[in-house]
Student: 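Please see the structure below; I have some questions.
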Amino acid sequence: MPALDAQIRALFDATREDPGATFEEENFLQQLVRPTAKPIDDSFKGKRFKNRFIDRLQLELRICLPDDALEKKWRFEDFVAYVEERRRKPAVNLRMAQKRLQGSKASDITLLLVLNLLLLPPLGVIGAPWLYLYLVLPLALNALVIGAKIKSIRYYRRLIRALETPLSQSHPGI
């Protein structure tokens, strides 16, 4: 089994925008995307790359990182040490993933319902040509929110299965 720092570096290189490019050890997560003046968390592109990296890292190394750990500016070696520490706590990781799965199932549905109910009253006021557009837009937004929720639920179910499986067993489909 390769050393943990080599595994994390391989995941980092496979996920980043410029695979194989050199990177500075300081705040290495910022370098998932090509150099820019914006912090990685201040752009959709940066968040997409960071989330992709963290999701793969959690699945492959069988850990669940807390949200506050993801907001830090990590040095590479400090991040490796932190991941190693998290790997020593499988029960904590499993509980955290189960809690996130429950949160994924519960959140946003109430908000979606309230927003849909607020959109109904103007239907009687809107003229026929615009009525279709007015109906399609909320349906499209509902589909986006529900799609993101389903993706999150599936991810946390996969993570829980990975966390429940001993490291000595292989993971088909992960």
Side-chain angles (χ1 to χ4, degrees), residues 1-108 111 144-174:
M1 176 177 260
L4 184 60
D5 61 338
Q7 285 179 292
I8 294 174
R9 191 176 298 263
L11 283 170
F12 180 75
D13 281 336
T15 309
R16 68 193 297 213
E17 189 174 17
D18 261 343
T22 60
F23 68 93
E24 296 174 23
E25 299 279 323
E26 297 293 323
N27 195 11
F28 82 102
L29 290 175
Q30 177 68 35
Q31 296 167 48
L32 280 164
V33 294
R34 290 190 180 106
T36 140
K38 282 185 177 180
I40 194 165
D41 290 323
D42 288 350
S43 72
F44 288 115
K45 177 181 165 184
K47 280 197 178 282
R48 190 175 66 243
F49 275 88
K50 184 177 178 181
N51 289 341
R52 195 177 300 152
F53 171 67
I54 296 301
D55 288 351
R56 284 190 66 188
L57 178 92
Q58 290 182 138
L59 274 173
E60 292 188 26
L61 299 180
R62 298 181 184 159
I63 60 172
C64 188
L65 297 172
D67 291 333
D68 63 340
L70 302 177
E71 295 176 15
K72 288 184 178 180
K73 295 182 179 183
W74 290 99
R75 288 178 39 85
F76 183 75
E77 63 190 39
D78 295 338
F79 186 75
V80 171
Y82 183 74
V83 168
E84 181 61 41
E85 177 186 326
R86 292 297 302 186
R87 289 179 84 182
R88 292 187 195 118
K89 302 175 182 178
V92 173
N93 290 321
L94 181 59
R95 276 194 312 272
M96 185 180 297
Q98 289 168 336
K99 191 175 183 180
R100 287 196 182 156
L101 174 62
Q102 292 306 315
S104 290
K105 288 179 179 178
S107 65
D108 300 332
L111 176 64
L144 287 173
V145 169
I146 291 169
K149 177 173 279 310
I150 290 170
K151 183 179 177 182
S152 175
I153 289 169
R154 285 181 180 163
Y155 172 76
Y156 283 112
R157 283 183 178 160
R158 284 179 61 201
L159 182 58
I160 288 168
R161 278 195 312 271
L163 290 168
E164 290 173 337
T165 306
L167 279 173
S168 59
Q169 293 181 6
S170 65
H171 265 303
I174 291 184

Student: Just wondering, do Asp67 and Arg100 contact through their side chains at under 4.5 Å, heavy atoms?
Tutor: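 Yes. Closest side-chain heavy atoms under 4.5 Å.
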
Student: If only atom types and distance count, is the side chain of Lys50 paired as donor or acceptor with the main-chain N or O of Leu70 below 3.5 Å?
Tutor: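 A pair under 3.5 Å: yes.
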
Student: So does Ala69 get a backbone contact from the side chain of Trp74, meaning a donor-acceptor N/O pair under 3.5 Å?
Tutor: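 Checked: pair present.
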
Student: For Cys64, does its backbone N or O pair with a side-chain atom of Arg86 as donor and acceptor, under 3.5 Å?
Tutor: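 Checked: pair present.
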
Student: Could you check whether any side-chain N or O of Lys149 sits under 3.5 Å from a backbone N or O of Ser104, counting only pairs where one atom can act as donor and the other as acceptor?
Tutor: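 Looks like yes, one N/O pair under 3.5 Å.
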
Student: Within a strict 4.5 Å, meaning less than it, do heavy atoms of the Pro39 and Gln30 side chains meet?
Tutor: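 SC-SC contact between Pro39 and Gln30 confirmed.
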
Student: Any side-chain heavy atom of Asp5 within less than 4.5 Å of one from Glu77?
Tutor: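 Result no, sub-4.5 Å side-chain heavy-atom pair not found.
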
Student: Would you call the rings of Phe12 and Phe53 parallel, tilted or perpendicular, taking 30° and 60° as the class edges?
Tutor: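 Answer is perpendicular, since the angle exceeds 60°.
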
Student: Taking atom types as modelled, find out whether Gln58 and Tyr155 have a side-chain donor-acceptor pair closer than 3.5 angstrom.
Tutor: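 Tyr155 and Gln58 do have a side-chain donor-acceptor pair below 3.5 Å.
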
Student: With sequence neighbours excluded, tell me which residues meet salt bridge (charged side-chain N to carboxylate O under 4.0 Å, His left out) with Lys151.
Tutor: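 Checked Lys151 against salt bridge (charged side-chain N to carboxylate O under 4.0 Å, His left out); zero matches.
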
Student: Tell me, do Leu4 and Leu61 make a side-chain contact under 4.5 Å, heavy atoms counted?
Tutor: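 Yes, close enough: below the 4.5 Å cut-off.
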
Student: Please name all residues satisfying side-chain hydrogen bond (donor to acceptor under 3.5 Å, both in side chains) with Gln31, sequence neighbours left out, ordered by chain then number.
Tutor: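 Counting only residues at least two positions away or on another chain, Gln31 forms no side-chain hydrogen bond (donor to acceptor under 3.5 Å, both in side chains).
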
Student: Taking the side chain from Arg158 and the backbone from Ile153, do they hold a donor-acceptor pair closer than 3.5 Å?
Tutor: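 Such a contact is absent between Arg158 side chain and Ile153 backbone.
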
Student: Would you call Lys47 and Ile40 a side-chain contact if the rule is heavy atoms closer than 4.5 Å?
Tutor: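 They are not in side-chain contact.
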
Student: Please say whether the positively charged group of Arg9, taken as NZ for Lys or CZ for Arg, lies over the ring of Phe76, i.e. under 6.0 angstrom from the six-membered ring centre and within 45 degrees of the axis.
Tutor: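 Output yes; distance and angle both within limits.
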
Student: Using the side-chain contact (heavy atoms from CB on, under 4.5 Å) rule, take Lys99 and Arg95 through it: C-alpha gap first, then chi angles, then the decisive distance, then the call.
Tutor: CA-CA 6 Å; Lys99 191 175 183 180; Arg95 276 194 312 272; over 6 Å; no

Student: Would a distance-only check, ignoring hydrogens and angles, find a side-chain to backbone donor-acceptor pair under 3.5 Å from Glu17 to Leu32?
Tutor: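 No, Glu17 side chain to Leu32 backbone: no donor-acceptor pair under 3.5 Å.
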
Student: What pairs with Asp78 under salt bridge (charged side-chain N to carboxylate O under 4.0 Å, His left out), at least two apart in sequence or on another chain?
Tutor: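 By the salt bridge (charged side-chain N to carboxylate O under 4.0 Å, His left out) rule, Asp78 matches Arg75.
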
Student: If you measure from CG on Asp55 to CG on Leu11, what distance do you get to the nearest 0.5 Å?
Tutor: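 Those atoms lie 11.5 Å apart.
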
